K.L.:
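What follows is a structure written as structure tokens; I'll ask about it next.
In this text the structure is predicted, and so the values were computed from the model without any measurement. Chain letters run A, B, ... following the sequence lines, proteins first and then strands; every chain starts at 1. Just the heavy atoms: all of them, side chains too, but no hydrogens, waters or symmetry mates, feed the values below.
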Amino acid sequence: MSQNQPAIEVSHLRKVFHIPQRDPGLGGAVKALFRPRYAEKVAVDDISFSVPPGEIVGYIGVNGAGKSTTIKMLTGILAPTAGLVRVLGRDPHKERVANARQIGVVFGQRTQLWWDLALVESLNLIARIYEVEPKRYKELLEQFSYTLELGELLAKPVRQMSLGQKMRAELAATLIHEPRVVYLDEPTIGLDVVVKEKIRAFIKEQNRAKGTTVVLTTHDLGDIEELCSRVIIIDAGRVIYDGPLATIRERFGKYRGITFETARPLEHPLTLPPGAEVVGQEERRLELRFDRTRASASQVAAAVMGQLEVLDFSLSEPDLTSIVKQIYGGALSEARPV
Amino acid sequence: MTLRRLLSRYTGFSGMAAKEFLAYNIWFWMNLFTSAVAMTIFVFFWKAIYAQADQIAGLGFQQTLNYVLLAQVIAGVGESGILWTFGYQLREGRIALELLRPLDFQGMLYAFSVGNWLTGLLSRTPLLLLALLYGLQPPADPLAYACFAVSFFLGASVMFFFEWMLGCFAFYTTEVWGLGVTLFAIQLFFSGTLIPLDMMPEGLRLFAQILPFHQIVYTPVSFLAGITPVSQAPQVFLGQVAWIVGLAVASRWVFSRAVRAVTVQGG
Ligand SMILES: Nc1ncnc2c1ncn2[C@@H]1O[C@H](COP(=O)(O)OP(=O)(O)OP(=O)(O)O)[C@@H](O)[C@H]1O
Ligand SMILES: [Mg+2]
């Protein structure tokens, strides 16, 4: 494979599920047996993107947007209805087994580990299946044990692990054969901040050290901010944004916050330039936000200072969560030049 | 060399079967206990029957006792449980991850079953000792043991592929309880675990011989019990191999259709 060939290539990908429809009761079941009816559900409508080797891409969207369905098609477990998928030059569905050797997958709360056996048994088996050199395996096990703090988990059956422990175990199992492409479908779901941090550090390290290509699905934008330089946002099975994280901020971070510390409490309503409004007010603290397409920070600051004695003020970048909320909420339809 | 490497990737699963077996040690003792009780009941049952007759269907008391004891020793060992495995994997949504292992799915589960059969046989040693206490007279001919071992593994393989086909229903219904229980009852009777096939009425016996179930109990045990002479072994093995080839081909075809329920319909 040449250096410039994308690790993942998706073009006009589409997935339509046929859901059997059945009237309730025995009569319905019998009727469905003879004359099955189906409802169509377009899970992925038309998606195209490509990911160069070594990139970590955040793949985000609201519940039911089609993220997991896309990931399943990328792994080869689900056949596309139409469109093309290439992973490391292969059709993952047609060459499922060959493709499986090169990839690693984590599906949210599912596990590929053996429930009743000590974690190390599962890892040993996986290393054997993927033919990881014994020496390399030992090295990796040590590294992973350190970063993911597997220590006493290795001897523990998965059945007895907490959610966070399970996820760390799962990640170790997924990356022990050093796959070139990794799909992580909500790897931080339900985890506390400390474990999240560990997992992010681990993913980052694997990506940096081995050039692993990562597609990451999450509802935690902290994951995205920490790991991804590029984000693909999908909605109703279509790409609504594909580009750098920074651009999202620039283009869609319409509102900026500005906070003033004042000498005296505010006594009379403020007159503000168009596009600015008060969002919070305490004793001697005043929080405003303004639409930066309509007003500038200096206009707002000048207006406030003209009416009040200001001791200090600070400007805040819009945080990703609120931006994405805006985008999910349909802000893109007004600004579509993706 | 490459074949050995390839095999080693699969045999890892056989080892997992043994380890998983050890993880359930409470089950092991339970199972041993109920089997011991069943064996005891059988011994008294047949003693009472043979108090009335010297021979039944051409079998003398010692032959029948040998058969019944050995059948109890290996009862259930040759089952693969594929039906339950499919049911579980589909219900838990685990099947996708299993299909994503870089191995042939059937080969993987076959290797796992082989591990199960071996550990199953080993774990039955205490029952064998009990059977000896109850008067089991093992054959002197070493060939009889070889025939037992070969026909048991061939028979278990036949049942593996057979159950694989049935298991494919799970992909459409996701509900395997009814089918599983029915299969268990049919298997118990038609495998010859309760009575040797020889004692069944003519029509029933023919029917039992058409079905594959007898291959995991009756066929191997009858070599050890002196019912099937060793000289018939080649013929028996050939028949089993034919079953395996036919069912292996058919089961792969059926599976390739069934798995679409997952890969096309999304499970
Ligand atoms: N096997 C299936 N059969 C029918 N419909 C399905 C199937 N799998 C997914 N869908 C539907 O397709 C749509 C997309 O589902 P998908 O799981 O891809 O969403 P998602 O973006 O991963 O959502 P979430 O953030 O909740 O995980 C949903 O409306 C879902 O109900
Ligand atoms: Mg999802």
K.L.:
Do A:I60 and A:I232 have side chains that get closer than 4.5 Å, going by heavy atoms?
P.N.:
no
K.L.:
Just wondering, more than 12 heavy atoms not from B:Y145 lying within 6.0 Å of its OH?
P.N.:
yes
K.L.:
What class does the angle between the rings of B:F190 and B:F213 fall in, given that below 30° is parallel, 30 to 60° is tilted and above 60° is perpendicular?
P.N.:
tilted
K.L.:
Would you say CZ of A:F17 has more than 12 non-hydrogen atoms from neighbouring residues, nucleotides or ligands within 6.0 angstrom?
P.N.:
yes
K.L.:
Heavy-atom cut-off 4.5 Å, strictly under: side chain, backbone, both or neither for A:L125 against chain B?
P.N.:
side chain
K.L.:
Would you call the rings of B:F152 and B:F148 parallel, tilted or perpendicular, taking 30° and 60° as the class edges?
P.N.:
parallel
K.L.:
Side chain, backbone, both or neither: which part of A:L117 has a heavy atom under 4.5 Å from chain B?
P.N.:
side chain
K.L.:
Any salt bridge (charged side-chain N to carboxylate O under 4.0 Å, His left out) involving residues 78-88 of chain B? Give me the pairs, sequence neighbours left out, ordered by first then second residue.
P.N.:
none
K.L.:
Sort B:A23 into side chain, backbone, both or neither according to what part of it lies under 4.5 angstrom from a heavy atom of chain A.
P.N.:
side chain
K.L.:
Enumerate, by atom name, each donor-acceptor pair separated by under 3.5 Å where one atom lies in chain B and the other in chain A.
P.N.:
| from | atom 1 | to | atom 2 | distance (Å) |
| --- | --- | --- | --- | --- |
| B:R5 | NE | A:E131 | OE1 | 2.6 |
| B:R5 | NH2 | A:E131 | OE1 | 2.7 |
| B:S8 | O | A:R128 | NE | 2.8 |
| B:S8 | O | A:R128 | NH2 | 3.3 |
| B:R9 | NE | A:I129 | O | 2.6 |
| B:R9 | NH2 | A:I129 | O | 3.2 |
| B:T11 | OG1 | A:R128 | NH2 | 2.8 |
| B:K19 | NZ | A:E121 | OE1 | 3.1 |
| B:Y24 | OH | A:D116 | OD2 | 2.4 |
| B:R94 | NH1 | A:L113 | O | 3.1 |
| B:R94 | NH2 | A:Q112 | O | 3.3 |
| B:R94 | NH2 | A:L113 | O | 2.9 |
| B:L99 | O | A:R96 | NE | 3.2 |
| B:R101 | NH1 | A:Q112 | OE1 | 3.2 |
| B:R101 | NH2 | A:Q112 | O | 2.7 |
| B:T263 | O | A:A79 | N | 2.6 |
| B:V264 | O | A:K15 | NZ | 2.9 |
| B:Q265 | OE1 | A:H18 | N | 3.4 |

K.L.:
Looking at B:M30, is its backbone amide N or carbonyl O close enough to the side chain of B:T34 to form a donor-acceptor pair, meaning the two atoms are under 3.5 Å apart?
P.N.:
yes
